[in-house]
Peer 1: 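Okay, handing you the structure first.
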Amino acid sequence: MATHTFTVSSTLDADDAFERLTDLSRVPAWDDGVRSSDPLPRDDNDVEHCVVGARYDVTVTGFDGNPTSVVYEITEADAPRRFVMVGENDVFRAEDELVLTPTHAGCELTYVGGLELLGDEPPLTPTQLASMFPKIAAVAEAGLRRFQNP
């Protein structure tokens with residue numbers, strides 16, 4: 001699994017930052033690699049964000065440059081401190097942990113992202129993935145700097 005960690009300072013307090021981040025329908029506002037993110041109904045047909053079990057149909061730019069669908073789910077949440085989102089399709093599994101720490105000026109967001117390729121014939125070698133993943137994460141980092149400092 002390729003991993004990358006970065007920290008973004010925010011003028012938002014941790015509660016506001018957490019609320020903005022756990023609404024995964026807003027990911028296209030901060031990650032240029034995400035084309036759309038639509039909430040999926042829960043078993044009770046309710047659509048909620050900010051809760052464990054919230055799921056989203058996310059369209060991302062695939063390794064080949066074409067759109068591909070990934071289902072992301074919030075698998076852990078400890079408002080307003082931390083949450084984990086996991087996305088998976090036939091090609092890859094992504095796991096991202098976001099930790100918010102209050103500061104005197106707002107909060108800091110520490111983002112720990114992981115990406116692993118699945119299947120017998122992945123589109124990249126582990127070396128290629130390790131080289132490419134920091135560049136993918138840099139796009140999200142730049143977007144989060146803007147998004148978390150409205």
Side-chain angles (χ1 to χ4, degrees), residues 1-42 46-63 65 67-89 91-118 122-124 126-150:
M1 174 179 281
T3 61
H4 188 75
T5 301
F6 60 82
T7 301
V8 172
S9 295
S10 175
T11 56
L12 299 173
D13 65 35
D15 289 313
D16 290 340
F18 186 87
E19 184 176 327
R20 287 171 64 89
L21 291 167
T22 55
D23 178 359
L24 300 187
S25 66
R26 299 179 81 175
V27 172
W30 56 264
D31 189 334
D32 289 341
V34 175
R35 296 176 181 206
S36 66
S37 182
D38 300 309
L40 295 170
R42 296 170 57 92
D46 192 19
V47 175
E48 282 187 76
H49 68 278
C50 297
V51 294
V52 171
R55 298 172 63 235
Y56 293 77
D57 181 16
V58 179
T59 301
V60 300
T61 302
F63 294 110
T68 188
S69 182
V70 185
V71 173
Y72 269 86
E73 179 176 350
I74 296 178
T75 59
E76 299 176 43
D78 180 16
R81 294 176 201 89
R82 174 185 175 274
F83 75 98
V84 175
M85 58 183 172
V86 175
E88 188 168 338
N89 64 15
V91 177
F92 69 87
R93 180 178 189 280
E95 183 170 328
D96 303 305
E97 177 186 37
L98 291 81
V99 177
L100 295 157
T101 306
T103 66
H104 68 281
C107 69
E108 276 192 348
L109 164 64
T110 301
Y111 195 110
V112 180
L115 184 64
E116 69 179 312
L117 299 175
L118 305 174
L124 302 171
T127 302
Q128 290 170 320
L129 179 63
S131 173
M132 178 184 277
F133 191 55
K135 296 171 189 162
I136 295 169
V139 171
E141 180 178 359
L144 280 167
R145 287 191 195 287
R146 290 187 308 274
F147 186 74
Q148 290 299 99
N149 292 287

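Starting from 1, each residue takes its place in the sequence as its number. For clarity, every value in this text was computed on a predicted model and none was experimentally measured.
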Peer 1: In Å, rounded to the nearest 0.5 Å, how long is the span from CG of Leu144 to CZ of Arg146?
Peer 2: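 Here the rounded value is 9.0 Å.
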Peer 1: Phe6 and Tyr111: aromatic ring centres closer than 6.0 Å?
Peer 2: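 Yes - the distance between ring centres of Phe6 and Tyr111 falls below the 6.0 Å cut-off.
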Peer 1: Can you tell which of Pro28, Ser69, Ser37, Ser36 makes a side-chain contact (heavy atoms from CB on, under 4.5 Å) with Val58?
Peer 2: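 Of Pro28, Ser69, Ser37, Ser36, side-chain contact (heavy atoms from CB on, under 4.5 Å) with Val58 is met by Ser37 alone.
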Peer 1: For the residue pair Ile74 and Leu24, establish whether any side-chain heavy-atom pair is separated by less than 4.5 Å.
Peer 2: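 Counting from C-beta outward, Ile74 and Leu24 do come under 4.5 Å.
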Peer 1: Any donor-acceptor pair under 3.5 Å linking the side chain of Arg145 with the backbone of Val8?
Peer 2: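 No; judged by distance alone, with no hydrogens or angles, the pair does not exist.
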Peer 1: Please check if the side chain of Asn149 supplies one atom and the backbone of Ser9 the other of a donor-acceptor pair under 3.5 Å.
Peer 2: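 Such a contact is found between Asn149 side chain and Ser9 backbone.
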Peer 1: Between Asp78 and Arg81 (side chain of the first, backbone of the second, donor and acceptor by atom type, cut-off under 3.5 Å), is there such a pair?
Peer 2: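 A pair under 3.5 Å: no.
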Peer 1: Taking all atoms of both residues into account, what is the closest heavy-atom pair of Gly65 and Arg35, and its distance?
Peer 2: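 For Gly65 versus Arg35, the nearest heavy atoms are O-NH2, 3.5 Å.
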Peer 1: Which atom names give the shortest non-hydrogen contact between Glu88 and Val70, and what distance separates them?
Peer 2: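 Heavy atoms only, the tightest pair is N-CG1, 3.3 Å.
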Peer 1: Out of curiosity, Thr127 OG1 to Met132 CE, how far, rounded to the nearest 0.5 Å?
Peer 2: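 Thr127 OG1 to Met132 CE: 12.5 Å, rounded to 0.5 Å.
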Peer 1: Start with the C-alpha gap between Thr61 and Asp32, add the side-chain angles, then the distance that decides, and say whether side chain to side chain contact (heavy atoms under 4.5 Å, CB included) holds.
Peer 2: CA-CA 9 Å; Thr61 302; Asp32 289 341; over 6 Å; no
Peer 1: Could you tell me whether the side chain of Leu100 reaches within less than 4.5 Å of the side chain of Leu21, counting heavy atoms only?
Peer 2: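 Counting from C-beta outward, Leu21 and Leu100 do come under 4.5 Å.
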Peer 1: Looking at side-chain heavy atoms only, is the closest gap between Tyr56 and Asp23 below 4.5 Å?
Peer 2: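 Side-chain contact under 4.5 Å: yes.
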Peer 1: For Leu12 and Gln148, work out which heavy atoms get closest and say how close.
Peer 2: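 Minimum heavy-atom contact is CG-O, 3.6 Å.
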Peer 1: Could you report the tightest heavy-atom contact between Gly62 and Thr68, atom names first, then the distance?
Peer 2: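 Closest approach of Gly62 to Thr68, heavy atoms only: CA-CG2, 3.9 Å.
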Peer 1: Can you tell which of Thr110, Leu109, Val112, Thr22 makes a side-chain contact (heavy atoms from CB on, under 4.5 Å) with Leu98?
Peer 2: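 The option that passes is Leu109.
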Peer 1: Both conditions, 6.0 Å and 45 degrees, for the charged tip of Arg20 above the ring of Phe147: are they met here?
Peer 2: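 So Arg20 does make the cation-pi contact.
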Peer 1: Kindly compute the distance separating CD (Glu97) from OG1 (Thr75), expressed to the nearest 0.5 Å.
Peer 2: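 Result: 9.5 Å between the selected atoms.
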Peer 1: Run the side chain to side chain contact (heavy atoms under 4.5 Å, CB included) test on Leu129 and Leu115 for me, step by step, so that the C-alpha distance in whole Å, both residues' side-chain angles and the decisive distance to 0.1 Å come before the verdict.
Peer 2: CA-CA 8 Å; Leu129 179 63; Leu115 184 64; 3.6 Å; yes
Peer 1: Shortest non-hydrogen contact from Cys107 to Ala17?
Peer 2: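 Here Cys107 and Ala17 meet closest at SG-CB, 3.8 Å.
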Peer 1: Roughly how far, to the nearest 0.5 Å, is the CZ atom of Phe83 from the CG atom of Asp96?
Peer 2: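 It comes to 8.5 Å.
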Peer 1: Using every non-hydrogen atom in the two residues, find where Glu73 and Gly53 come nearest and quote the distance to one decimal.
Peer 2: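 Shortest heavy-atom separation between Glu73 and Gly53 comes out as OE2-CA, 3.6 Å.
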Peer 1: With rounding to the nearest 0.5 Å, note down the distance linking CE in Met1 to CZ in Arg93.
Peer 2: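 If we round to the nearest 0.5 Å, Met1:CE and Arg93:CZ are 5.5 Å apart.
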Peer 1: Got a sec, which residues hit side chain to side chain contact (heavy atoms under 4.5 Å, CB included) with Val91, two or more places apart in sequence or on another chain?
Peer 2: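 Side chain to side chain contact (heavy atoms under 4.5 Å, CB included) check on Val91 returns Phe63, Asn89, Pro123.
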Peer 1: Within the 4.5 Å heavy-atom criterion, are Arg82 and Glu76 side-chain neighbours or not?
Peer 2: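 Arg82 vs Glu76: side chains touch.
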Peer 1: Please round to the nearest 0.5 Å and tell me the distance separating atom OH of Tyr72 and atom CZ of Arg55.
Peer 2: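 Going from the OH atom of Tyr72 to the CZ atom of Arg55 covers 14.0 Å.
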Peer 1: Are side-chain heavy atoms of Thr7 and Glu141 found at a separation under 4.5 Å?
Peer 2: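 Contact flag for Thr7/Glu141 side chains = no.
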